[in-house]
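The structure appears below as structure tokens.
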Amino acid sequence: MSSGFFERVYRLVSQVPAGRVTSYGAIAREAGGGAAAARSVGWALRALPIDRAERVPWWRVVSAKGEIRFAPNSPEAEAQRARLEAEGIRFETTGRIDLARFGWP
DNA sequence: GCGTTGACTATTG
DNA sequence: TCAATAGCCAACG
């Protein structure tokens, strides 16, 4: 609406099925901004309103390495990990996700 | 319209 | 494999 890029990002994230995760670069590329627009995707999700956050699975969006890009002691990171585990996603001992199994093609 | 910021990615050492 | 640096894009002030 206001910004096609933002709405497009929200739409793509909403299309991610439960039990799957995607990376910022993948969404950025699908949004039409290119892999370099990954930072803009983070900006869009950071500006994600609360009412939008409930219908947009932002927690299924992780870094290209399958790890959460929040602070390890951040409440958002804890909530994200909890939601991902609730959807059946397992974390490695290093705290990373196996994109080969949970990655969204 | 310019400069800064950011939930990133890819490349190099 | 890990750490540090550069680059790109979009929104905000």
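Naming convention: chains lettered A, B, ... in sequence-line order (proteins, then strands); numbering from 1 in each chain. Quick caveat, the model's predicted, so the values are computed rather than measured.
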Donor-acceptor pairs are to be reported for all side-chain atoms of residues 89-105 of chain A against protein atoms at under 3.5 Å, with residues two or more places apart or in another chain.
{"unit_1": "A:D98", "atom_1": "OD1", "unit_2": "A:A100", "atom_2": "N", "d": "3.0"}

Can you pull every protein N or O that's under 3.5 Å from an N or O on nucleotides 8-10 of chain B?
{"unit_1": "B:dC8", "atom_1": "OP1", "unit_2": "A:R69", "atom_2": "NE", "d": "3.0"}
{"unit_1": "B:dC8", "atom_1": "N4", "unit_2": "A:R39", "atom_2": "NH1", "d": "2.6"}
{"unit_1": "B:dC8", "atom_1": "N4", "unit_2": "A:R39", "atom_2": "NH2", "d": "3.1"}
{"unit_1": "B:dT9", "atom_1": "OP1", "unit_2": "A:A64", "atom_2": "N", "d": "2.8"}
{"unit_1": "B:dT9", "atom_1": "OP2", "unit_2": "A:A64", "atom_2": "N", "d": "3.2"}

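- For the segment residues 75-105 of chain A, the set of residues with a heavy atom within less than 4.0 Å of an atom of DNA chain B is empty.
- Listed by first then second residue, pairs satisfying salt bridge (Lys or Arg N to Asp or Glu O under 4.0 Å) with a partner in residues 62-71 of chain A number zero, not counting sequence neighbours.
- Pairs of residues two or more places apart, or lying in two chains, that qualify as salt bridge (Lys or Arg N to Asp or Glu O under 4.0 Å) and include a residue from residues 40-62 of chain A are A:R60-A:E87.
- For A:A53, the side chain to side chain contact (heavy atoms under 4.5 Å, CB included) partners are A:L48, A:W58, not counting sequence neighbours.
- Pairing each heavy atom of A:A37 with each of A:F5, the nearest pair is CB-CZ, 4.1 Å.
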Polar atoms only, N or O, under 3.5 Å: list the protein pairs with nucleotides 11-13 of chain B and their distances.
none

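- Side-chain heavy-atom separations under 4.5 angstrom define the hydrophobic clusters, and A:I50 shares its cluster with no other residue.
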Enumerate donor-acceptor pairs with a distance under 3.5 Å from any side-chain N or O in residues 11-32 of chain A to protein atoms, sequence neighbours excluded.
{"unit_1": "A:S14", "atom_1": "OG", "unit_2": "A:Y10", "atom_2": "O", "d": "2.7"}
{"unit_1": "A:S23", "atom_1": "OG", "unit_2": "A:A26", "atom_2": "N", "d": "3.4"}

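- In DNA chain B, consecutive stretches of 3 or more Watson-Crick or G-U wobble pairs with both distances under 3.5 Å are given as paired ranges: B:2-6 with C:9-13, B:8-13 with C:2-7.
- Distance, A:R8 CZ to C:dA11 P: 11 Å, rounded to whole Å.
- Contacts between residues 43-52 of chain A and DNA chain B, defined by a heavy-atom separation under 4.0 Å, are made by A:W43, A:L45, A:R46.
- Every residue was checked against the side chain to side chain donor-acceptor pair (under 3.5 Å) condition with A:E85, not counting sequence neighbours, and none meets it.
- The CH2 atom of A:W59 sits 9.5 Å away from the CD atom of A:Q80 when rounded to the nearest 0.5 Å.
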